[in-house]
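A quick write-up on the structure given underneath.
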Amino acid sequence: MISKNKSCHENTWPANICCTAFFFSCSKDKFDFNSFKDLELSPELWFPFGEISLKLSDIKRDTSFISTDQDGFITIILKKDSILRTNLAKALIVPDQDTIPLAAVTGQQITGDISVSLFNNAEIKKIYFDTLEISWSIPSSVPPGVEMALQFIQSQHQTGNLTFQIDNINNTPGIFHKTIFYNGYLDLSKNNTSHNTLQLNTSVLQYPSFIPAGTPIPFFINLSKIKIAGMEGYIGSSLIELPVFNSNLNMKGLEKFREGITFSNPKLDLSIFNNTGLEIGFQPNISGASAAGSVTLLQIPTITVSKAPNPGLFSTTQVQLNNSNSNLAEMLKKLPEFLITSGSLQLNPNGKANNFLFNNNEIIINGIFEIPMEFSAKDMYFEKEISNFKFWKSNSTNLPEFIEFEFASENGFPFELSVSAIFLDSITNSVIRIYNVDILKPATVNSSGRVIAPNTYVSTLRINENDLTALNAAKSFYLRVKISTPNNGNQSVKIYDSYYFKTRLAAKAKLKFKPVR
């Protein structure tokens, strides 16, 4: 990742450290020699530019992102609400129902059963509906002048008992007509003795006088459309595949770094909120995707999510992922920029249960990454582009034999750092020169990874006359900063806000040389 137009005042440690050490101060991205444009460097003349120092405690922090304990140990706290948020609407689908032949008997009230077909072996006691559409028909063979009353037992709609009338007086016989109800429920329990069964009372209100009492009068009924609002009973054991959710992690100060860092004790705390009355077996698919397109799947066992105790309430299931039960450290090693979440939900994984489910019920998963800054790093690096600069006027003939920069550093950080300056041709964009500078050596750490003594180191960078001529064709270069922890990157270190470094910079040139803009 190439980071452009960033100031080292930003809260991007240790990227700030690297930029500051190389540029002598918090400078603009434009390589600007205005600060010594009137200075002439005489042959073999040393000129000190001063001392730069930086402490982590001086950097302004986003307190929602970086936390320190009483000892100054730094931990990254990253909260992500709604890593996954979904409802279980797929479990509320009622299949198309068959048309059922029934009969009313003149002079009698008849009770009949209507079987309701449901998916996945569900055993439903009550269906709540927003809209219920009932289709009915009286055969053309029935003499005209018939009117019947129908009532679903223990069922209601918004104005009372779910009762309606059908007739072949005002409605054409032999075809289906519709009656629509709103905001009610259907009782399928037969007074709590069964399930998936509606009871219907029928009585004949009017019929021709030539039809004897006790005569069955046939009709047809169909629950043609039900817009489900909710259900009570055993919903079944269906498997529901979740859609893919993609959220930006916004790792802030870490997003500059490439692969190479391994965190020692990261944690991801998942809080799963469930306001459905279903116990759920959640098989998550969580992946971290880096800006470069690398994707690492987080290996997680199936999570059992407890059901809500009552409608309108949430249950909370807490799960912690760490190095002992997942490959979280491996995922974070790729420094993911995005968190991709999907998976599947197994309803009632432990068998039959009393459930409730409404169409506004949700499963919500929130996460908190807790990443203590204890890590090992081998050749971890980032890059920064510096553009629009020149060492001298192109027609200048007063070239120095060399320019040499000296960095005298006192490092209170427990890692070593090297800088590569990669100069690019302004026309072809090809590499002109690469310079490598060891600028910081690691401080001494104890067995727990904490710094106990700083380290001092002097490094130099010499640019000779031939290189200066070649570099005049460059208008931009990249700084590649490489970081490794002690013991060839195998030792973990801990980062405290008391860590610091100091750099004293001086330069000399042989032959008279006057830098210009």
Side-chain angles (χ1 to χ4, degrees), residues 86-100 102 111-134 150-158 160-163 181-201 221-242 272-282 304-315 317 344-363:
T86 189
N87 59 36
L88 300 180
K90 291 182 179 179
L92 292 172
I93 297 175
V94 174
D96 293 337
Q97 302 294 305
D98 294 331
T99 298
I100 300 172
L102 296 172
T111 300
D113 291 344
I114 298 177
S115 179
V116 178
S117 299
L118 294 165
F119 291 129
N120 303 312
N121 301 314
E123 298 178 358
I124 302 303
K125 302 284 189 179
K126 188 175 286 187
I127 293 178
Y128 297 86
F129 61 83
D130 291 326
T131 305
L132 169 64
E133 183 179 294
I134 299 176
L150 284 67
Q151 179 182 1
F152 287 104
I153 299 174
Q154 302 296 326
S155 300
Q156 292 189 351
H157 67 121
Q158 62 186 4
N161 294 331
L162 208 161
T163 300
F181 300 92
Y182 300 95
N183 303 321
Y185 63 84
L186 296 171
D187 190 303
L188 284 72
S189 70
K190 294 183 66 172
N191 290 319
N192 209 32
T193 62
S194 184
H195 54 265
N196 298 359
T197 304
L198 281 169
Q199 285 190 295
L200 180 67
N201 280 337
I221 192 169
N222 178 265
L223 305 179
S224 53
K225 293 181 181 179
I226 307 176
K227 185 176 180 182
I228 302 294
M231 293 182 181
E232 291 181 6
Y234 173 59
I235 304 296
S237 58
S238 58
L239 185 69
I240 296 178
E241 296 294 333
L242 296 172
I272 306 175
F273 303 97
N274 178 17
N275 68 339
T276 75
L278 294 93
E279 184 181 62
I280 295 170
F282 174 38
T304 299
V305 181
S306 60
K307 65 180 183 179
N310 292 297
L313 300 178
F314 277 93
S315 70
T317 301
S344 60
L345 301 177
Q346 179 73 52
L347 307 186
N348 294 308
N350 294 315
K352 291 184 179 179
N354 291 322
N355 302 144
F356 62 82
L357 177 63
F358 295 88
N359 59 12
N360 60 349
N361 288 169
E362 288 186 302
I363 308 293

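Sequence positions, counted from 1, serve as the residue numbers for this chain.
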Problem set entry | side-chain contact (heavy atoms from CB on, under 4.5 Å) assessment of Phe129 paired with Leu223 | CA-CA 12 Å; Phe129 61 83; Leu223 305 179; over 6 Å; no
Problem set entry | Interatomic distance, Thr86 atom OG1 to Leu242 atom CG [nearest 0.5 angstrom] | 5.5 Å
Exercise. Taking only residues two or more places apart in sequence or in another chain, which ones pass side chain to side chain contact (heavy atoms under 4.5 Å, CB included) with Asp98?
Worked result: none
For this session: Determine, stepwise, if the pair Ile272 / Ile363 fulfils side-chain contact (heavy atoms from CB on, under 4.5 Å).
Result: CA-CA 7 Å; Ile272 306 175; Ile363 308 293; 4.2 Å; yes
For this session: Using atom types as modelled and distance alone, determine if a side-chain donor or acceptor of Asn355 lies under 3.5 Å from a backbone N or O of Gly277.
Result: yes
For this session: In sequence, state the C-alpha distance, the side-chain angles, and the governing distance for Leu198 and Leu188, and then conclude on side-chain contact (heavy atoms from CB on, under 4.5 Å).
Result: CA-CA 5 Å; Leu198 281 169; Leu188 284 72; 4.1 Å; yes
Exercise. Can you tell me how far the CG atom of Leu132 sits from the OG atom of Ser224, to the nearest 0.5 Å?
Worked result: 8.0 Å
Exercise. Can you name the nearest heavy-atom pair linking Pro349 to Gly281, along with the distance?
Worked result: CG-N, 3.6 Å
For this session: Step through the shown structure and confirm whether more than 12 heavy atoms of other residues, nucleotides or ligands are within 6.0 Å of CG on Asp113.
Result: yes
Seminar exercise, completed: Nearest heavy-atom approach of Asn348 to Gly236 is ND2-O, 2.8 Å
Exercise. Is a side-chain donor or acceptor of Thr99 paired with a backbone partner of Asn222 at a separation under 3.5 angstrom?
Worked result: no
Problem set entry | Point-to-point distance, once rounded to the nearest 0.5 Å, from OH of Tyr128 to CD1 of Ile226 | 14.5 Å
Problem set entry | Plane angle bin for His157 and Phe181 - parallel if under 30°, tilted between 30 and 60°, otherwise perpendicular | perpendicular
For this session: Count the heavy atoms of every other residue, nucleotide or ligand shown that sit under 6.0 Å from NZ of Lys126, and state whether that count exceeds 12.
Result: yes
Exercise. Counting distance only, does the side-chain N/O of Asn192 pair as donor-acceptor with the main-chain N or O of Ser189 below 3.5 Å?
Worked result: no
Exercise. Checking side-chain contact (heavy atoms from CB on, under 4.5 Å) for the pair Val94/Leu118: CA distance, chi angles, key distance, verdict?
Worked result: CA-CA 6 Å; Val94 174; Leu118 294 165; 3.9 Å; yes
For this session: For Asn120 and Ala122, indicate whether the former's side chain and the latter's backbone hold a donor-acceptor pair under 3.5 Å.
Result: no
Exercise. Does a sphere of radius 6.0 Å around CG in Asn183 hold more than 12 heavy atoms from other residues, nucleotides or ligands, not counting ones at 6.0 Å or beyond?
Worked result: yes
Exercise. What's the spacing between Glu123 CD and Thr197 OG1 if we round to 0.5 Å?
Worked result: 10.5 Å
Exercise. Side chain of Gln97, backbone of Pro95: donor and acceptor closer than 3.5 Å?
Worked result: yes
Exercise. Out of Ile124, Leu92, Asn121, which residue meets the side-chain contact (heavy atoms from CB on, under 4.5 Å) rule with Ile235?
Worked result: Ile124
Exercise. Asn275 side chain to Glu362 main-chain N or O, any donor-acceptor pair under 3.5 Å?
Worked result: yes
Exercise. Would you call Gln151 and Asn161 a side-chain contact if the rule is heavy atoms closer than 4.5 Å?
Worked result: yes
For this session: Would you give the length of the straight line joining atom CD of Gln346 to atom OG1 of Thr304, rounded to the nearest 0.5 angstrom?
Result: 11.0 Å
For this session: Identify the two heavy atoms, one from Ser155 and one from Tyr185, that lie closest to each other, and give their separation to 0.1 Å.
Result: CB-O, 3.3 Å
For this session: Kindly compute the distance separating CG (Leu345) from OG (Ser238), expressed to the nearest 0.5 Å.
Result: 9.5 Å
For this session: Give a yes or no on whether the backbone of Lys190 and the side-chain of Lys125 come within a donor-acceptor separation of less than 3.5 Å.
Result: no
Problem set entry | Note, Asn359 side chain near Ile228 side chain (heavy atom, < 4.5 Å) | no
Exercise. Can you tell me if Asn274 uses its side chain to pair, donor with acceptor, with the backbone of Glu279 under 3.5 Å?
Worked result: no
Problem set entry | Closest non-hydrogen atom pair between Phe152 and Ile134, with its separation | CE1-CD1, 3.4 Å
